[in-house]
Amino acid sequence: MNGRKRIAIYGGTFDPVHIGHIEVAKRVSELFEIDELLFVPAQVAPHKLTRPVTPGIHRYAMLVLATQEDPRLRVSTFELEAPDRCYTVDTLAHFKSEFGESADLFFVMGSDSWSEITTWREWDRLLTLVNHIVVTRPGYDISLDLVNSSLRDRIVVLRGSKQIPKVVNEAAGEKIYITDAVMLESSATEIRGALREGDWSQLTRLVPSSVANYIRKYELYRESNER
Ligand code: ATP
């Protein structure tokens, strides 16, 4: 290791945060020896404008509850407070300049996000700004052919390996790690769908209990809310 802190940034809508997100955060933190993992809820995910999103304050509160017991996991308000700069590339540039040389940064995404990566704003710059960790998700294969050969050279496939990757050849630049350390079906769309249908039976299995209580208390995801 190079003595720098390892900070992971986990962006998303988190509407709501679920067991899959928490498991990804914990496993990635262990596997990559992450000192601090920052959940960064989006103000409005640019590629998800087709549906109303639960107000940021609720999504933030649920993340705080879900991460309360793990000192490595924290929640950032950066995107919620900067709605005019809501693209991931801007967020990563912000954290990179904030932490400077004091930290190695890793952006965490699921394989569904990876499969759309070339639609993200300035995606090729984004992929070289910081390290990336792509986590497998059922139903989404990870294609390495999405990106050009110079980006492909940065890909380190850790499938089947549960080991901490040593930062190999730093001079070659930031890496794109692919890991199958987590394989969970959880999906916020499915949770919202079930709640809208009035099916609350699975809620405590799908989200942390503190989040389930919050959803009940504040009556989120009811049919009339259309989320
Ligand atoms: P939605 O169904 O509303 O799209 P989601 O469950 O995919 O929500 P997001 O908030 O969009 O959750 O996800 C944030 C990040 O977490 C994304 O990079 C996504 O790929 C990743 N992610 C979400 N669920 C999983 C999972 N079960 N396994 C691996 N990655 C996941």
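Note that these values count all heavy atoms, side chains included, but never hydrogens, waters or copies made by symmetry. As the structure lists them, so they are numbered: ligands from 1, and atoms in each ligand from 1. In this text the structure is predicted, and so the values were computed from the model without any measurement. The first residue of the sequence shown is numbered 1, and numbering continues consecutively from there.
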Item to check | Same cluster (ILVMFWY, side-chain, under 4.5 Å), Ile57 and Phe78 | outcome: no
Within the structure, is a non-hydrogen atom of [X] found at a distance of less than 4.0 Å from ligand 1?
X: Thr136; result: yes
X: Gly11; result: yes
X: Tyr10; result: yes
X: Asp112; result: yes
X: Glu23; result: no

Checklist entry - Ser210 and Ala66: which non-hydrogen atoms are nearest, and at how many Å? => result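 Looks like OG-N, 4.2 Å.
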Checklist entry - Shortest non-hydrogen contact from Asp35 to Lys5? => result OD2-CA, 3.3 Å
Checklist entry - Without hydrogens or angle criteria, can the side chains of Thr128 and Glu174 be said to hold a donor-acceptor pair below 3.5 Å? => result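 Per modelled atom types, Thr128 and Glu174 side chains form no pair under 3.5 Å.
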Checklist entry - Going by distance alone, is a donor N or O of one side chain under 3.5 Å from an acceptor N or O of the other, for Asp145 and Ser143? => result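 The criterion, which ignores hydrogens and geometry beyond distance, is not satisfied for Ser143 and Asp145.
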Checklist entry - Which class fits the ring pair Tyr218 and His58: parallel under 30°, tilted 30 to 60°, perpendicular over 60°? => result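 Plane angle between 30° and 60°, so tilted.
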Next on the checklist: Students often mix this up, so state it plainly: with edges at 30° and 60°, are the rings of His132 and Phe107 parallel, tilted or perpendicular?
Outcome noted: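 The arrangement is perpendicular - the two ring planes meet at more than 60°.
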Polar contact flag for [X] and ligand 1 (N/O pairs, less than 3.5 Å):
X: Leu184; value: yes
X: Ser111; value: no
X: Ala188; value: yes
X: Glu185; value: no
X: Phe14; value: yes
X: Asp15; value: no

Checklist entry - Is the Lys NZ or Arg CZ of Arg121 less than 6.0 Å from the centre of Tyr87's six-membered ring, within 45° of the axis? => result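 Checked: cation-pi criterion met.
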For [X], the ligand 1 atoms whose distance to one of its heavy atoms is below 4.0 Å:
X: Ser187; result: 2 (O), 6 (O)
X: Thr189; result: 1 (P), 2 (O), 3 (O), 4 (O)
X: Met109; result: 18 (O)
X: Gly12; result: 10 (O), 14 (C)

Checklist entry - How does Met183 reach ligand 1, by side chain, by backbone, by both or by neither, if only non-hydrogen atoms under 4.0 Å count? => result neither
Item to check | ligand 1 versus Arg192: contacting region, heavy-atom distance under 4.0 Å | outcome: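 Side chain only; the backbone of Arg192 stays clear of ligand 1.
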Checklist entry - For the atom pair OG1 (Thr13) and CD (Glu79), what is the distance rounded to the nearest 0.5 Å? => result 9.5 Å
Item to check | Ring centroid separation Phe14 to Tyr60 under 6.0 Å | outcome: no
Item to check | Criterion side-chain contact (heavy atoms from CB on, under 4.5 Å) on Ser29 and Lys26, from CA distance to verdict | outcome: CA-CA 5 Å; Ser29 297; Lys26 289 188 168 170; 5.7 Å; no
